[in-house]
Amino acid sequence: MNSYHLDHLQYLETEAIHIMREVAAEFERPALLFSGGKDSICLLRLAEKAFRPSDIPMPLLNIDTGHHFPELNEFRDQRATELGARLIVRKVEDAITKGIAVPRSGEISRNQLQIPTLLAAVEEFQFDCLIGGARRDEEKARAKERFFSFRDSFGQWDPKNQRPEIWNLYNARVNPGEHMRVFPLSNWTEMDVWEYVKREKLQVPTIYFSHQRKCVRRNGQWLPISDLLPLKPKDEIKDLVVRVRTIGDIISTGMVESPADSVDDIIAEIAAARVTERGSRADDKASEAAMEDRKKAGYF
Amino acid sequence: MPHTQHPVEILRLNTCGSVDDGKSTLIGRLLYDSKNLMEDQLEALERSADITGGGQINLANLTDGLRAEREQGITIDVAYRYFATPRRKFIVADTPGHVQYTRNMVTGASTANLSIVLVDARQGVIEQTRRHIYLAALLGIPHLVIAVNKMDLVEWSEERFLEIRDEIEDFIPKLDVFRDVKFIPLSALNGDNVVTSSAKTPWYQGPALLGHLETVHIASDWNLNALRFPVQWVNRPNNPRDPKLHDFRGLSGQIAGGIVHKDQTVIVLPAGLKTTIKEIWTYDSPLVEAFCPQSATLCLKDDIDVSRGDMIVGLENLPGCGSDLHARICWMHQRPLQPGKKFFLKHATQTVQAVVTVLESRINMATFEPEPEPPALAINDIGVVRLKISKPIVFDGYTTNRLTGSFILIEQGTNATAAAGMLSAPTEAVKPEYTDFAI
């Protein structure tokens with residue numbers, strides 16, 4: 001590339017930085033959703049690039065399902081401290097205690113229960129904007145998402161009635177009680193994220209790299225054994241060399257058998273991959289429209 | 001996403017066509033034949049084949065992401081798809097052709113380098129084909145591809161292909177904006193001339209569609225002629241830990257045109273203050289120069305009052321500045337536009353109040369001729385209007401610069417995005433009254 005061209009990562013970066021600054025300039029109380037996963041790690045670097053040498057002008061927010069991989073939460077806390085950022089954590093457990101989130105009988109997954117917990121946090125802090133790391137290439141319903149995605153006073157997404165988004169002129173106006181979800185990584189692919197991790201030399205949680213772990217076979221996936229996953233008598237248990245490709249809750253994230261123990265290895269692995277990233281997420285497999293339904297209700 | 005492990009350019013494209021022209025099938029074919037589809041996506045396709053495809057894999061199911069779309073076999077909203085080859089990365093906006101086509105196409109095409117307009121070889125050029133080409137021209141998309149699809153259903157007839165080409169070539173010069181126009185005979189369903197050249201078109205010497213997308217020259221699609229830096233966010237650290245930053249005052253933004261150099265003399269508009277670029281600050285390191293569309297933080301030599309919405313420009317090729325605007329707009333709201341109603345107008349990083357004072361004309365989308373003094377503009381109408389805004393903005397004509405020549409109108413109350421606007425070139429360039437800044 002000659003000096004007046006941007007390569008793909010530079011293009012995606014400047015687009016995302018522009019979006020971050022629009023958020024800072026147009027909203028009164030924005031927050032940045034930070035889980036410690038690879039996408040939100042990129043978001044944080046983009047926030048640094050957008051706002052330095054000033055402080056990042058918004059708190060970080062995480063909804064802790066209580067089913068997170070412990071490595072992820074450690075990483076999350078450590079990164080927030082390094083950046084000198086304010087980290088707000090709201091727990092599904094507390095939302096259940098307070099009656100904000102009510103599990104269905106026999107419901108083990110905390111996936112659905114994140115929604116009321118998140119919306120309660122929006123109300124508690126009067127957030128008018130949440131920046132998230134969702135990408136359009138992850139899933140079909142997400143492919144139709146805007147950069148600035150409007151949520152009504154119930155936190156709902158109406159896919160048939162989205163604001164047209166033209167040029168880079170983002171309509172950031174919301175009335176009291178409504179809020180916006182903003183996705184600066186909309187145009188990034190899984191490969192872009194890892195290439196950016198490499199270019200920026202970003203630290204990621206160790207579970208993305210190959211390690212030894214006891215797993216159990218469920219629904220065609222290897223789930224990590226933990227206190228949260230009660231074993232059944234006939235369970236097939238194996239000691240495997242695995243890593244995570246996408247991180248959800250510890251009870252539903254399929255481990256991928258992989259020897260990749262560096263970012264370069266991971267990039268090579270994705271380049272050769274024959275299934276998509278979310279192929280290992282049980283929450284998406286529930287039905288063809290699983291993500292669409294959760295998004296309409298207020299999911300990330 | 002496989003394939004890229006080295007820096008490449010991104011090409012943004014949109015596809016448009018009428019119902020059943022095979023847009024979604026074409027995108028599905030591009031992804032499938034360039035090996036950008038994964039096994040679980042194919043499995044999902046095969047599962048849905050029994051429901052909507054009568055047992056046959058329906059590539060359109062790849063892009064129709066919402067439940068209602070799969071059930072009704074239509075595309076509701078602009079969907080974005082990503083794929084890559086070793087030569088380029090592609091962002092595809094798939095814009096539906098049936099209802100709301102103008103609104104959707106404007107949305108999908110506003111950021112595109114290239115538009116693919118599908119033509120059904122059996123039907124030839126229909127009213128919608130002209131509309132799509134007209135809209136691509138209106139939005140200033142530099143590169144156009146006419147994909148003459150379903151050639152298998154006209155026995156790969158060269159004569160039919162040339163007939164369609166001639167008809168479109170007759171029409172295009174009236175628009176006079178495209179940098180290049182390519183006609184490609186293909187069959188999306190069978191994959192002929194999509195990724196690989198087809199043996200069925202010995203009379204066609206050009207590349208397959210993908211080959212063209214990989215090589216079309218997009219390097220000069222951004223305006224690098226005249227510096228435009230809309231100030232987006234004033235960067236002033238509170239209590240910085242580094243004492244060197246106590247006096248740091250930067251202006252953050254994305255360059256919307258041209259190139260900025262360290263030590264360059266610039267003018268801050270609309271105030272008209274002249275100053276010098278002291279530093280081009282970025283997180284990574286200071287730069288000697290930065291160009292459109294890079295993001296940067298500019299530090300000025302003089303401590304002058306600059307805030308969001310101001311525009312920093314070079315001394316040459318000055319923009320216009322004013323509060324009486326003339327523009328073409330595409331109306332996108334269910335409630336028709338009537339003159340006199342107040343809106344918010346967002347232009348670059350500035351939001352002001354605006355009133356449409358005069359509805360000059362409405363474009364007849366069959367003839368593309370303006371019809372003077374319409375009573376209103378309805379959804380999907382394109383019209384020429386005059387606007388009065390509450391405070392002057394610094395702007396260029398849309399054909400000169402897509403980023404500083406565009407605006408949106410936002411309805412007050414609902415906050416709905418009601419229109420996309422393309423400004424006419426300013427009648428005169430701004431004449432800064434102020435010469436040099438002095439304390």
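Fair warning: this is a prediction, and the values are worked out from it, not measured in the lab. Hydrogens, waters and symmetry mates are skipped; everything else that's a heavy atom, side chains included, is used. In what follows, chains are A, B, ... by sequence order, proteins preceding strands, each numbered from 1.
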Can you tell me which portion of B:A256 sits under 4.5 Å from chain A's heavy atoms? Options are side chain, backbone, both or neither. neither
Which bit of B:H347 comes within less than 4.5 Å of chain A, counting heavy atoms only: side chain, backbone, both or neither? backbone
In terms of heavy-atom pairs under 4.5 Å, which option from A:E22, A:E165, A:Q162 contacts chain B the most? A:E22
Identify the heavy atoms of B:S295 and A:T14 that sit nearest to each other, and give their distance. OG-OG1, 2.8 Å
Checking B:T107 side chain against B:R103 main chain: does a donor-acceptor pair fall under 3.5 Å? yes
According to the interplanar angle, ranging from 0 to 90°, do the rings of A:Y170 and A:F148 count as parallel (below 30°), tilted (30 to 60°) or perpendicular (above 60°)? parallel
Interface moiety of B:Y80 toward chain A, non-hydrogen atoms closer than 4.5 Å: both
Structural part of B:R236 lying under 4.5 Å from a heavy atom of chain A: backbone
Do A:D192 and B:K89 meet the salt-bridge criterion of a basic N to acidic O distance under 4.0 Å? yes
Pair count under 4.5 Å, heavy atoms only, with chain B: among A:R163, A:R21, A:R52, A:K49, highest is A:R21
Under a 4.5 Å heavy-atom cut-off, does chain A meet the side chain of B:T417, its backbone, both or neither? both
Which of A:R199, A:R45, A:E15 touches chain B most, by non-hydrogen pairs under 4.5 Å: A:R45
Count the heavy-atom pairs under 4.5 Å between each of B:H333, B:Q294, B:R402 and chain A, then report the option with the highest count. B:Q294
B:A112 versus chain A, the contacting section by heavy-atom distance below 4.5 Å: neither
Please rank B:L403, B:I408, B:N235, B:D242 by heavy-atom pairs under 4.5 Å with chain A and give me the top one. B:N235
Under 4.5 Å, counting heavy-atom pairs only, tell me which of A:A25, A:A24, A:A50, A:P53 racks up the most with chain B. A:P53
Specify which of B:G250, B:A93, B:G253 makes the most heavy-atom pairs with chain A at under 4.5 Å. B:G253
Relative to chain A, which of B:A296, B:A109, B:A418 shows the most heavy atom pairs under 4.5 Å? B:A296
Under the salt bridge (charged side-chain N to carboxylate O under 4.0 Å, His left out) rule, collect the residues that match up with A:R146, sequence neighbours excluded. B:D77
Would you sort out whether A:K198 and A:E195 count as a salt bridge (Lys or Arg N to Asp or Glu O under 4.0 Å), showing the intermediate values? CA-CA 5 Å; A:K198 180 181 173 179; A:E195 288 183 325; over 6 Å; no
Who wins among B:F407, B:Y283, B:F344 for the most heavy-atom pairs under 4.5 Å with chain A? B:Y283
With distance as the sole criterion, is a donor-acceptor pair present between the side chains of A:E28 and A:Q126 under 3.5 Å? no
May I ask you to check whether B:W233 and A:F51 place their ring centers less than 6.0 Å from one another? yes
Assert top hit (heavy-atom pairs under 4.5 Å, partner chain B, pool A:L12, A:I166, A:L9) equals A:I166
Would you say A:Y208 and A:W194 are linked by a side-chain donor-acceptor pair, where the criterion is simply a distance under 3.5 Å? no
Using heavy-atom distances under 4.5 Å, tell me whether B:I259 contacts chain A through its side chain, its backbone, both, or neither. side chain
Under 4.5 Å, counting heavy-atom pairs only, tell me which of B:N415, B:I10, B:T349 racks up the most with chain A. B:N415
Salt bridge (Lys or Arg N to Asp or Glu O under 4.0 Å) evaluation trace for A:E190 with A:R245: CA-CA 10 Å; A:E190 183 189 17; A:R245 186 162 166 201; 2.7 Å; yes
Part of B:L139 within contact of chain A (heavy atom distance under 4.5 Å): side chain
Cut-off 4.5 Å, heavy atoms of chain A, and the answer for B:D284 is side chain
Considering only heavy atoms, which portion of B:T414 lies under 4.5 Å from any heavy atom of chain A: side chain, backbone, both, or neither? backbone
Would you please name every residue forming a salt bridge (charged side-chain N to carboxylate O under 4.0 Å, His left out) with B:E279, sequence neighbours left out? none
Checking A:S186 against A:E145: is there a side-chain donor and acceptor pair closer than 3.5 Å? no
Considering non-hydrogen atoms only, spot the tightest contact between B:T297 and B:S252 and give its length. OG1-OG, 2.8 Å
Parallel, tilted or perpendicular: rings of B:W222 and A:Y11 (30°, 60°): tilted
Does any backbone or side-chain atom of B:L245 lie under 4.5 Å from a heavy atom of chain A? Answer side chain, backbone, both or neither. side chain
Under 4.5 Å to a heavy atom of chain A? For B:A219 that would be both
